[in-house]
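Please read the structure below before turning to the comments.
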Number of protein chains: 2
Amino acid sequence: MRARYLTIKDYILDQIEIGVWRASDKVSSENELAQKFSVSRMTARKAVDTLCSEGTLVRSQGLGTFVADRRPVSSLLEIHNIADEVVGRGHDYTCRVIKLEEILTDKSAANLLEMSEKQNVYHSILVHLEDNIPVQYEDRLVNPKHAPDYIHQDFLAQTPNAYLSIVAPLTEADHIVEALVPSKTILSELDSDQPCLKITRRTWSRRGIASIAYLYHPGDRYRLGGHLQF
Amino acid sequence: MRARYLTIKDYILDQIEIGVWRASDKVSSENELAQKFSVSRMTARKAVDTLCSEGTLVRSQGLGTFVADRRPVSSLLEIHNIADEVVGRGHDYTCRVIKLEEILTDKSAANLLEMSEKQNVYHSILVHLEDNIPVQYEDRLVNPKHAPDYIHQDFLAQTPNAYLSIVAPLTEADHIVEALVPSKTILSELDSDQPCLKITRRTWSRRGIASIAYLYHPGDRYRLGGHLQF
DNA sequence: CAGTGGTCTAGACCACTGG
DNA sequence: CAGTGGTCTAGACCACTGG
């Protein structure tokens with residue numbers, strides 16, 4: 001016999017899923033849930049308990065229980081795959097390919113990739129969406145030496161990050177994190193007017209710099225987190 | 001009246017702290033705890049519940065409850081001391097103390113510091129300047145238990161971070177990085193109208209959370225960097 | 001004030017594990 | 001088998017919030 005509190009938990013998750021309860025909304029009280037499902041209040045409470053500890057709901061004594069206003073937190077310490085992150089949060093991941101082309105390095109790109117000027121490099125621009133809301137604008141340069149077939153990939157099936165980690169396993173990375181208001185082009189692709197968290201990340205494989213990525217995240221939809229132990 | 005399950009929770013944490021129970025050891029059963037503390041099993045269970053959801057204990061039906069194995073250590077990102085950073089760049093470091101006071105915890109501060117409400121905590125606000133230009137607005141709460149003399153320090157001579165790392169050596173930290181436009185008060189102290197990089201950092205010493213800091217950096221004057229090797 | 005969540009009791013039956 | 005955790009009941013009193 002399946003636990004009754006799980007039925008209630010599913011019910012709450014369903015209501016959130018179909019949009020009956022949205023972020024910051026008040027959900028049914030413990031007594032209402034208990035009555036609706038003909039269980040004791042302790043059992044209804046357990047359903048709410050588990051959703052609180054999972055970060056889906058937040059409680060406030062005397063006020064009620066509310067859908068958490070949740071911006072995702074991801075790790076600074078890992079090289080993350082945005083698709084895995086989104087799916088890991090139980091959300092729908094999609095992506096739009098804005099650009100996928102071969103270009104010649106200019107001075108700045110050549111410097112960053114430690115190549116010489118006017119060499120072929122691959123250039124891709126993608127927008128990653130979580131439940132159809134843009135969460136990352138990814139502008140990436142790739143050294144063809146490390147990933148010769150990069151330009152023929154289907155990035156709807158596999159993110160650039162995931163593909164690169166297979167053909168050119170990472171040995172090293174650096175990143176710079178900053179806050180800024182990006183260009184209008186980028187803001188429009190992100191459908192946002194917020195300041196962005198920009199991550200500039202260079203990744204090395206065994207034979208040198210494989211790729212440089214500029215990742216823009218709307219400040220109100222994305223946070224970076226990390227936990228350290230000494 | 002303090003909740004009884006918290007007493008039991010503290011007891012379990014103490015036993016782990018002093019080494020009576022080590023990683024993978026079996027801890028007292030729920031019935032034993034209930035009897036020892038003269039509470040119902042549900043109450044003993046609640047203490048174990050919270051420690052499970054915090055990752056300290058793991059349960060196994062039919063077997064018992066065990067101390068969780070330690071999480072992997074990642075010491076890749078350092079806790080920065082802004083003064084060292086600035087001096088390291090060959091620039092002039094100064095700082096303004098905006099506030100240094102003793103206040104009572106409100107609900108939110110109590111939650112974040114894992115203290116109860118209306119306890120004394122120290123509160124400091126500083127602005128750190130590089131060549132006389134503000135680069136960081138630091139709003140910090142400190143648990144007096146970990147640093148009783150915090151409020152008597154001269155932060156023109158030594159940053160809060162440097163002081164705390166001496167009196168309450170760090171064992172753990174977490175941080176969240178986000179981009180936002182801060183309040184007018186903060187913008188005015190920073191003499192900036194740019195979006196900011198906000199770092200929320202909690203630091204632990206052995207006995208719990210020692211301090212929580214909100215660090216605001218104007219987006220055009222500060223970047224966060226890191227380098228990883230695999 | 002009525003309603004909310006926070007804690008707690010003293011029971012119960014269950015599924016599961018090892019011996 | 002006895003002991004463990006997993007679930008559940010039908011109550012209780014409390015602190016807190018808004019009106």
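Numbers restart at 1 for each chain; the letters A, B, ... are given by sequence-line order, proteins then strands. It should be emphasised that the depicted structure is a prediction, and the values quoted were computed from it without experimental measurement. For the numbers below, each heavy atom of this structure counts, side chains included, while hydrogens, waters and symmetry mates do not.
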Check this one for me: any side-chain N or O of [X] less than 4.0 Å away from OP1 or OP2 of [N]?
X: B/T43; N: C/dT9; value: yes
X: B/S29; N: D/dT4; value: yes
X: A/K46; N: D/dC8; value: no
X: B/Y5; N: C/dC8; value: no
X: B/R45; N: D/dG5; value: no
X: B/R59; N: D/dG6; value: yes
X: B/T65; N: D/dG5; value: yes

Using the rule side-chain contact (heavy atoms from CB on, under 4.5 Å), only one of A/T159, A/I98, A/N161, A/L215 pairs with A/E138; which is it?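 Of all the options given, the one that passes is A/L215.
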
Just how far, in rounded Å, is [atom2] of [N] from [atom1] of [X]?
X: B/R4; N: C/dG6; atom1: CZ; atom2: C1'; answer: 14 Å
X: B/L33; N: D/dT4; atom1: CG; atom2: P; answer: 10 Å
X: A/M42; N: C/dG11; atom1: CE; atom2: C1'; answer: 13 Å
X: A/L51; N: C/dG5; atom1: CG; atom2: C1'; answer: 15 Å
X: A/Q61; N: D/dG18; atom1: CD; atom2: C1'; answer: 14 Å

Within the 4.0 Å heavy-atom criterion, would you say B/V48 contacts the bases, only the backbone, or no part of the nucleic acid?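 It contacts nothing in the nucleic acid.
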
Taking a pair as Watson-Crick or G-U wobble with both distances under 3.5 Å, which nucleotide is matched to D/dC8? C/dG11

Counter-base of C/dC16, judged by Watson-Crick or G-U geometry with both distances under 3.5 Å: D/dG3

Is the gap between the ring centers of B/Y216 and B/Y222 under 6.0 Å? no

Whichever of B/G64 and A/R41 has the more 5' nearest nucleotide on DNA chain D, that residue is B/G64

By nearest nucleotide on DNA chain C, pick out whichever of A/G62 and A/D49 is the more 5' one.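 Looking at the nearest nucleotide for each, A/G62 comes out on the 5' side.
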
Parallel, tilted or perpendicular for B/Y11 and B/W21, by the 30°/60° rule?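 Correct class here is perpendicular.
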
Heavy atoms from C-beta onward define the side chain here; which of D/dT7, C/dG18, C/dT9 lies closest to that of B/V39? C/dT9

Might you point out which heavy atoms bring B/H128 and B/C95 nearest each other, and give the distance in Å?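 Closest approach of B/H128 to B/C95: ND1-CB, 4.0 Å.
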
Test: B/R221 and B/E130 ion pair at under 4.0 Å: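 No, no charged N to carboxylate O under 4.0 Å.
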
